[in-house]
Amino acid sequence: MTLACAATLAARGFDIDLEVGEGERVAVLGQNGSGKSTLLGVLAGTLRPDAGRASLDGRVLFDLGPGRRLWLPPHRRGIALLAQDPLLFPHLTVLDNVAFAPRVGGAPRADARARAERWLEEVEVLPLAGRRPHELSGGEAQRVALARALAAEPALLLLDEPMAAVDVAVAPMLRRVLRRVLAGRTTMIVTHDLLDALLLSDRLVVMEEGRVAESGPTEETLRHPRAGFTARLAGLNLIRGTRDGGGVVGRDGVRIDGTTGDAPALRDGDPAAAAFAPAEVSIYLSPPTGSPRNHLPVTITEVEPHGELVRVRGDDHHGHSIAADVTPVSVAELDLYPGRDVTFVVKAATVTIYPA
Amino acid sequence: MTLACAATLAARGFDIDLEVGEGERVAVLGQNGSGKSTLLGVLAGTLRPDAGRASLDGRVLFDLGPGRRLWLPPHRRGIALLAQDPLLFPHLTVLDNVAFAPRVGGAPRADARARAERWLEEVEVLPLAGRRPHELSGGEAQRVALARALAAEPALLLLDEPMAAVDVAVAPMLRRVLRRVLAGRTTMIVTHDLLDALLLSDRLVVMEEGRVAESGPTEETLRHPRAGFTARLAGLNLIRGTRDGGGVVGRDGVRIDGTTGDAPALRDGDPAAAAFAPAEVSIYLSPPTGSPRNHLPVTITEVEPHGELVRVRGDDHHGHSIAADVTPVSVAELDLYPGRDVTFVVKAATVTIYPA
Amino acid sequence: SGPAATRAAGGTTVTVFAAASLKATFTRLGRAFEASHPGTAVVFNFAGSQALAEQITQGAPADAFASANEASMATVAGAGLAAGRARPFATNTLTIAVPPDNPAAVATFADLARPGLKLVVCAPAVPCGAATLTLEEATGVTLAPVSEEQAVTDVLAKVRAGEADAGLVYATDVIAAGDSVRGIAFPESSRAVNRNVIVALSGGPQSGLGQEFVDLVRSAEGQQVLADAGFGTAT
Amino acid sequence: MPAAAGAAFVVVPLLALGLRVDWSRFGELLGSPSSLAALTLSLQTSAVATLACLVLGVPMALVLARRRFPGRQVVRSLALLPLVLPPVVGGIALLYTFGRRGLLGQTLDVLGVPVAFTSVAVVLAQTFVALPFLVVSLEGTLRSVGQRYEAVAATLGAPPSTVLCRVTLPLVLPGLLSGAVLSFARALGEFGATITFAGSLQGVTRTLPLEIYLRQVDDPDAAMALSLVLVAVAIGITVATARLGERAHR
Amino acid sequence: MPAAAGAAFVVVPLLALGLRVDWSRFGELLGSPSSLAALTLSLQTSAVATLACLVLGVPMALVLARRRFPGRQVVRSLALLPLVLPPVVGGIALLYTFGRRGLLGQTLDVLGVPVAFTSVAVVLAQTFVALPFLVVSLEGTLRSVGQRYEAVAATLGAPPSTVLCRVTLPLVLPGLLSGAVLSFARALGEFGATITFAGSLQGVTRTLPLEIYLRQVDDPDAAMALSLVLVAVAIGITVATARLGERAHR
Ligand SMILES: Nc1ncnc2c1ncn2[C@@H]1O[C@H](COP(=O)(O)OP(=O)(O)OP(=O)(O)O)[C@@H](O)[C@H]1O
Ligand SMILES: Nc1ncnc2c1ncn2[C@@H]1O[C@H](COP(=O)(O)OP(=O)(O)OP(=O)(O)O)[C@@H](O)[C@H]1O
Ligand SMILES: [Mg+2]
Ligand SMILES: [Mg+2]
C-alpha cells in the first residue's frame, strides 16, 4: 500500500492504525473532538505522536518508540495540509500565497504565478489575486487556502473540512474541482458531509474518541454502517453500473434514473453509481403509473423501527438489498411483512448519480 | 421596529438598508464575499461604516455622515457577535471564557461561573470547562464560542455561521439549543444552510454584492424566491397550520404528514409548518395506493424547465400552489399540461415539520 | 553607620563636592573631621571636576568644592558661588605608567616618542591632557599617542591591561593603582604642575562648616594625608 | 552556528572578566559597608524606577500601538531618545529640568520637594533612561497581538478599562514582563545620568555602578568584583522573571 | 493622561536642553572638523555594528524563541547581560578578551588583526552593548507571532531556510526593524565601553558621544549643541525606519 500509519498520542487519547492504498481517496468522518484533525496533523508532521510508525510510498515518515527516533520533517514529506483555519500568509498577496509552493519547488517566478493563477481560476477567486488575506471574507480565504494546497501538488493531500465555510452556491463547483484534481491522487479529506464523502472518496474512515471505529470502501460503509456515528447518518441505497441516458444500468441489468446534480459530466458507458436515501423510497403493492421513473419489484426481507420511521428492506432479485424508510402508519395500512412482494418506487429527481 | 440600520462602506462595496422588528430572528444568506460578515461587524461596532445610521430599541448605535459623527462603542451596544473565527481568549480557561460576559456585567465570580457552566452544558462541552482554548478541536472551540456569546444575553445576538465547523451529529442539538434560546430574542444569524434558516429565523435577508437582494418572511421567501441566489437553493413547498398527530393540518383543512427530524418536540394544536422540496413530489394521474401518506389533488397551473428537471406547479384548490420537480421523460409520458387535474404525492418521510 | 545614618539621626551634615581622584584622601580626612566635630557628618560627592562644577552652578546644595584643576573652579567662581578665593591645596605631576613587566622597556620621557610604541595620554581638554601638552611644548618631544583618553582612569585601565605600552598619568594615580602598574618618574615632569584648588561655597546650607573642612585640608594634618598619597605640596 | 557565535560574543568577555577577579577577596569586598549600601540603594531605586516605567510606559505603549494620530512617528521616536542621548547629556538635561534652577526645579523647590542629589533624583535618572525599553518592547508586543480579542471582549460588553485589565494586559504579559526586566536591568546599570544629575553621595545617590566607577581609581580589583555582583543580580532577576512569565502563559 | 505624563517626562528635559543651547553658534560648532569627523565615524560604526547585531542576533533570537533546550533561561539572561553591565566594565571585559593580552587578542594579533585602538574596536564595543536590544525585541515578536504559519509553509514543501526567509522574517519584519533601530540607537549613543576598550582618537575611535564628553569639559555649550545633533540624527533614523516598517506591513 501507499500509506501506512500507526500512531498514539496519549494527551489527546489518540491511537490509530491505518492503511491507504495507492491513489486512494479517503474520507475521514467523526464527531467533534474525535481526532480527525489530530490524524491529519500527525501525517503532515505538524504534530508529533508519542509513538508509532508511518510510511508513504515506501518512505518512512516517522518511526518513534523505544529506541526509534526517526522523524521526517514536514517539508520532506511531500504532504500538503489544508487546515481548518486557512492561515494564509498575511504578508503575501493572494496570488503569492498560492504561488508559494511552486516557488519553493523551484519554479521560476513567472511560472509559479501562472500556475497560481490557474488554481485561483479553478476555485473561482482569480479576481481576488491582488488582495491581501485580511481583505478576504471567510469563505474566500478558505478557497484561496484550498488553491494554495492544491498548487503544492503533493504526494498526499490532506484536507480538513475544505467546504465548511464555503457557501451553498459554491460548494458544487468546489466539489467538481476537488473531484477532478483528486482523481488518482492519494488524499485524505475530513468532512461532515455525506455527499462529499460519497463524491470525493473511495474509502471511509470513521473516527470515534481517537480511534478508528470503522473503515472500508465508502459505498459499502455508507450502505451498511456499523459504527454508531455512521449509522446515524447513512444507510444509503447504492447501485453501481455504467451511465446510460438519464440513469445508471447495473451490471445485472437493473436500471435507475436520476440526476447528476453536482457531479461532473458523465458520458454513456462511463462507470457510474446511483445513490438514494431510504426516505426517498415509496412502497406500493402494485406498480403505480405516475411521474416516478424508478420501479423496483422487491421481496421484503426485513421490517424494523428506525427512529420515528420504519425501515423496510427489500431484495430486488438481482442481489441488491434496498432500504425504504416509511411511516408506521404506512406499514400498518399496506400490511408490510417480510416475504411480501411489493414495488419500491423512487423519483429520479431524488437519485444522485455520480461517477464511480 | 427594534433595529434599523442603513450603512455604506465603499471599500467593500457595501451598502444596505435594513429593518428588524422586536424579537425577530433574521437569517442572512448570500454568497461568499456578499457582505454578510460586514453587516454583522457594522452592527456590532467592530467595523465603522463610511456613513449611515443605525438604532436598536430606540438607542442610536451610530449616525455618521456629513456633520454627524455619533458612534456608540461596541461595549455600550448590548450586541454580542459570534464571529466566523471563534477567537477564544487564549489566557483564560474555557469556563472563564464563557464567564467573561457575566463577570463584566457585574455578576459575582461564583455566580458567573455557575452561569457559564449552564451554558457549557447547553452546548454539551461542560467536560472541557477546565481546558485552555489551544487544547480544543475546531468544532469544540466553535461551541465554546457560541456558549460565550449566549452567556452575554445581549439585546441583539449576531451569529456568523455558528454551525459551520460543527459535526453532523451535533448540529441537531445545537439547532435545538439555538431555537430555544433565540425564541423572542432579536437575532441575526448568518448561515449557508436552508434548514437553519427555516428553523431559526422569522425573516430572511439575502445579500448579493454588498446589497440586500431580497428580504422578507423566511417561509414566503424560501417558497417564492426572487433573488437569483435564493432561487438556486429554495423554492420550497411550505404549508402552515397546527400540529396534529403525525402531521400538520392547514387552516383550510389540508393535511400533510411528515417527520419532525431535528426540530424540537411539538404537541397537538401547536402552530407548525410542513416543508418539502419540489424534488420530493411525485405526480400521478390518479391517486395510487402505496406507502406515501400525502396525496394532494391539484390542477396544474405551470410547466417550466428547471435545470435538468421540469418544475410543475399545481393548485390544490385551498389556495396553495405546490411545486413538483420531475424528469422531462415523466412530463412527456404522463402528458402533463396546465389545466390538467393530477395527484401530487409526497412521502411523509421527506416532509420536515417544524414549529411555526 | 554611614553619613546617611548620621544625617538621619538629626545631626548636622557638611557636604563636600570633590574630584574623583581625591576619593581616598578626602574620605580619610572626612573621618578625621567627624572625629573633631562630634554630631557632624561629612558627605562626599565624588565625580569629575567639570561635572561637579556643573552641578554646583545648577544649585546643588554643596558646602565646599575641591577641584582637580583650576578651570572647573573658574566656572564656579564665575557664577559667584565661591565664598572667598579658591586656594590651591595640592599639586600633581605627570609620571609614566607602564605595565609591571614594562614590555617596551620605557625608561625616559623621550622613549615615549619611539615609533611603534603604543602610548596613551589624556585628551588636551582634560587637565592631565593639558599638562601633557605643556610638557610636549616645553621639552620639544612630539608624542604620537594611539589614543587621547578622557580621564586618567581610562589611561590606567589600558596600561594595566597591557593594551598600551605606556601612559602618562599623575603620580598619585600610579600609587593608588598599587602593583598593577609601574610608575617611571622623569625629571621633565616638573615643567607641568597641576594645581588642585578648594573653596567653601557661599550657597551651601553649612557654608561655615565647609570653610572648616577647607581649613582641615590645608592644615598640616591634611597636607600629610595628601603627601602620603603622592600629592605634591601647593605653594 | 551564528547563534553560538553571538552567544560567545557576549559570554566570552564575561568569562574573561571572571578570570581576572580575585575570588579570594570576593566576600570581603562584598561585605564592606560601602558596597552593601550601594547594592541596597541600587536595588531599591531600580525597583522604584521600574515601577515608574510601568506607570508611565504602559499608557504610552498603548497610545502608540492603538491610536492613530498625526505625528505618531515623531512622538514614538521622541520616546526613544533617551536611548541615544549619551547618559551624561541626559543627566545634564535632567539637571536643567529638575535642578534647583531648572525649568520645573524652581516650582518643585517652592513646593518643598527638592529633587536633585536625593534618592528621588536617582530614580528620575534611572526612569529617564529605562523608560524607552519598556515602551518599545511593549508596543511591539501589543502590535503583534493585534486587536481582535479586544474587539471580541467589547462585543461581550466589556468597557475599555475592563478590556485593558482582563484581556489586553494578560495577553501581552510576556512582553510586559520582558519590558520590565529590560527596564530594571537598564536602571540597575545606569551610571552617566545618575552621577551627573544625582551626584554620588554614599547611601543616598551612590548606586552600585557609581561605586564601581569610584573603586576603579583606587582598587580596580574591587571594581571588577562588584561588576560581577551586578551581573549576578541581573541574571538572577531575569531568570526569575522569565520563569514567572512562562508559568503565566501556559 | 499617564501617557502624556510619560511623554512629557522625556520631552521636557530635551526641551530644557534645547533652551540652553546657543543656537547662533550651532552652525559653526557643527561645521568644525572634529565634530564632522566624530559624526561621520559614529554613523559609520553604528551602521556596521547594527549589521553585526543582525548577523549575530537574529540567529540568537530564533534559537531562544523556537528551540527548547535545558538552560535556555540562563542563556537568555546571559544574552541580556551587556544591558546591566556598566558600559565601562563592559569595555574592560572586551579589553580582557580582544585586547593584546586578552583571551582572543593574542590569537588575533598573531593573525595580524590588531583590534585595539582601531575603528574595529569601536564596532565591537557598540555591537557588544547593542546586541541584547535586537535579541530581546526580536525574540518577543517571534514568540507572539507563533509558529503556525511556519508549520503551514513546511507542509507546502518549504525547507527550514526557505521558511525563515520567506515566512518567518517577513512576518516579524516590524519587530526586526524596531530591534535594529534600538540597536542602532544604542550603538550611536555608546560611550563607556568605547572609551574603555577602543580609546579616543579623532577620526579613528572618537565617536560623537566621546566628542561630546570631551567638549563638555572645555566647552559645555558645544557639548549641548552636539548632543542635539545626536538627538536629531536619532529621530530622523527612527522615523524613517518606522515609515519603512509601516509600508512593508499593509
Ligand atoms: N492542541 C490541541 N489541538 C486540538 N485538539 C486538542 C489539543 N489538545 C487536546 N486536544 C483534544 O484532542 C481531541 C482530538 O482533537 P481533534 O482536533 O483531532 O478533533 P477533530 O476530530 O478534528 O474535531 P473537529 O471536528 O471539532 O475539528 C479533542 O478531544 C481535543 O479536545
Ligand atoms: N478586512 C476585510 N475583511 C473581510 N472582507 C473584506 C475586507 N476587506 C475587504 N473585504 C471584502 O468585502 C466583501 C464582503 O466581505 P464579507 O466578509 O462581509 O463577506 P461574507 O458575506 O461574510 O462572506 P463569507 O461567506 O465568505 O464569510 C468581500 O468581497 C471581501 O473580499
Ligand atoms: Mg478538527
Ligand atoms: Mg463571512
Side-chain angles (χ1 to χ4, degrees), chain C residues 19-20 47-55 57-58 67-72 74-76 78-79 99-101 103-104 116-130 133 143-165 167 180, chain E residues 13 16-17 20 34 38 86-103 105-106 108-109 114-119 121-122 125 191-207 209-224:
Chain C
S49 301
Q50 188 55 40
L52 294 172
E54 189 73 52
Q55 289 169 359
T57 52
Q58 285 303 313
S67 169
N69 61 70
E70 288 159 309
S72 300
T75 311
V76 172
D101 56 351
L117 180 115
K118 293 205 166 169
L119 171 71
V120 288
V121 299
C122 292
V126 298
C128 65
L133 205 60
L143 303 176
V146 290
S147 180
E148 297 175 340
E149 302 290 343
Q150 325 262 1
V152 171
T153 37
D154 297 323
V155 175
L156 271 179
K158 295 198 174 60
V159 172
R160 196 178 315 135
E163 198 58 42
D165 297 322
S180 60
Chain E
L17 206 61
R20 300 289 173 117
S34 64
V88 174
V89 178
I92 291 176
L94 285 173
L95 212 50
Y96 286 164
T97 309
F98 297 101
R100 260 208 294 192
R101 300 196 181 171
L103 281 182
Q106 279 151 309
L108 289 173
D109 232 27
V115 168
F117 305 118
T118 64
S119 300
V122 177
F191 167 74
T194 311
I195 186 115
T196 308
F197 175 49
S200 163
L201 197 65
Q202 185 180 330
V204 181
T205 57
R206 189 174 297 154
T207 56
L210 269 58
E211 174 77 16
I212 290 172
Y213 183 86
L214 266 188
R215 284 291 180 91
Q216 221 196 297
V217 181
D218 62 354
D219 187 355
D221 280 355
M224 295 303 105

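Throughout, protein chains are lettered first and strands after them, A, B, ... in sequence-line order, and every chain is numbered starting at 1.
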Measuring from atom CD of C/Q50 to atom CG of E/L214, what distance do you get when rounded to the nearest 0.5 angstrom? 12.0 Å
Looking at chain E, which one of C/G48, C/A51, C/G162 has the largest number of heavy-atom pairs inside 4.5 Å, strictly under? C/G162
Interchain contact, C/P99 with chain E, by part (heavy-atom threshold 4.5 Å): side chain
Residues which pass ring-ring contact (aromatic ring centres under 6.0 Å, His included) with E/Y96, listed by chain and number, not counting sequence neighbours: none
Using every non-hydrogen atom in the two residues, find where E/L201 and C/V146 come nearest and quote the distance to one decimal. CD2-O, 3.4 Å
E/I92 CD1 to C/E163 CD distance, which is reported to the nearest 0.5 Å: 12.0 Å
Heavy-atom closest contact (E/L95 atom, C/A161 atom, distance): CD2-CB, 3.7 Å
ring-ring contact (aromatic ring centres under 6.0 Å, His included) involving E/F117 - partner list, sequence neighbours excluded: none
For the candidates E/V204, E/L210, E/T118, which exhibits the highest count of non-hydrogen atom pairs separated by less than 4.5 Å from chain C? E/L210
For E/S200 and C/S147, which heavy atoms make the closest approach, and how far apart are they? N-OG, 2.6 Å
Do the non-hydrogen side-chain atoms of C/E148 and E/R206 ever get within less than 4.5 Å of each other? yes
Less than 4.5 Å to any heavy atom of chain C: does that hold for the side chain of E/F98, its backbone, both, or neither? neither
Roughly how far, to the nearest 0.5 Å, is CD of C/Q150 from OG1 of E/T196? 9.5 Å
